[in-house]
Amino acid sequence: MKKSKLVLIVMVLLSWSSLLFIGRRDFKRYLPAAVFIGIVTKLVNKVAKKRKWWRFAQSIHPKISGEDTWAWGLFFPSTLWILKLSYGNLRSYITYNLVLHMSFVYLLLSFLKKLKIVSLVKLSKGQYLLVLLCREILLYLFQFIKEYLGRKKPHSASVNGKSQDRQVENLRS
């Protein structure tokens with residue numbers, strides 16, 4: 001097995017196995033946002049492939065595209081972790097993402113290019129960082145809207161915004 005393929009497999013396995021520690025409640029809470037940003041990433045990758053912004057030379061399996069390895073293999077679990085660790089504190093969220101993305105773009109990307117896994121073609125590192133940050137803004141907005149709308153839903157057991165159980169208790173008193 002090629003060294004680059006082994007590195008990718010280890011990265012995917014480590015990121016997905018980390019989800020064992022995220023907790024069921026948090027996983028369910030942030031899953032829709034992670035799926036949403038996975039779809040956004042897939043769409044961005046289609047545009048990037050057409051415009052030759054970057055190139056994936058290696059995947060974990062011949063039937064799985066390199067783009068999917070990143071979108072669903074690495075970005076998906078990291079999205080869940082970022083939301084779990086920082087959602088609700090915008091400053092913390094921006095800081096985590098900035099550190100994570102700058103580390104990826106300015107450190108890890110060079111290593112991955114040497115292994116011939118992925119490389120930037122018509123995009124600079126700064127432009128790629130901007131793409132990642134725009135994606136993270138969309139992610140935060142999606143989660144914010146999801147939770148905002150979730151709080152607005154009236155409960156089925158309420159009438160005029162008051163619980164029927166409380167109304168029954170008030171009648172008994």
So, W16 versus F76, ring centres under 6.0 angstrom or not? yes
Do you know which two heavy atoms are closest between [X] and [Y], and how far apart they sit?
X	Y	result
P32	K28	CD-O, 3.5 Å
N45	F56	OD1-CE1, 4.4 Å
G73	S15	O-OG, 2.8 Å

Should [X] and [Y] be regarded as members of a common hydrophobic cluster, given that ILVMFWY residues are connected when their side-chain heavy atoms come within less than 4.5 Å of each other, either directly or indirectly?
X	Y	answer
L20	M11	yes
I137	L43	no
L13	V7	yes
L90	I82	yes
I39	V47	yes

Among residues at least two apart in sequence or on other chains, which ones pass ring pair (Phe, Tyr, Trp, His ring centres under 6.0 Å) with [X]?
X	result
F36	F142
Y96	none
Y93	Y140

Residue pair [X] / [Y], side-chain heavy-atom distance below 4.5 Å:
X	Y	result
L19	L80	yes
L139	E136	yes
R29	K84	no
W70	L8	yes
K2	Q58	yes
S18	W81	yes
E147	Y87	yes
S4	K116	no

Measure the spacing between [atom1] of [X] and [atom2] of [Y] and express it to the nearest 0.5 Å.
X	Y	atom1	atom2	result
L98	L132	CG	CG	11.0 Å
T69	H61	OG1	NE2	10.5 Å
I94	N89	CD1	CG	9.5 Å
D68	L74	CG	CG	11.5 Å
L120	Y128	CG	OH	7.0 Å
L31	T79	CG	OG1	11.0 Å

By side chain to side chain contact (heavy atoms under 4.5 Å, CB included), which residues pair with V44, not counting sequence neighbours? V40, W54, V131
Measure from the side-chain N and O atoms of S78 to the backbone N and O of F75, and report whether any donor-acceptor pair falls under 3.5 Å. yes
Can you tell me if S59 uses its side chain to pair, donor with acceptor, with the backbone of I64 under 3.5 Å?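 Yes, the answer is positive, given that a donor and an acceptor are paired below the 3.5 Å cut-off.
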Cluster partners of V121, using ILVMFWY side-chain heavy atoms under 4.5 angstrom, listed by chain and number?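 Listed partners: none, V121 stands alone.
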Assess whether atom NZ of K49 is packed by more than 12 heavy atoms of other residues, nucleotides or ligands within 6.0 Å. no
Decide if atom CZ of R135 counts as having more than 12 heavy atoms of other residues, nucleotides or ligands within a radius under 6.0 Å.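 Correct, the count exceeds 12.
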side-chain contact (heavy atoms from CB on, under 4.5 Å) with L138: which of T41, L133, I37?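 Passing option: I37.
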What pairs of donor and acceptor atoms, side-chain ones from residues 104-115 against any protein atom, are under 3.5 angstrom apart with sequence neighbours left out?
from: S110; atom 1: OG; to: K125; atom 2: NZ; distance (Å): 3.1

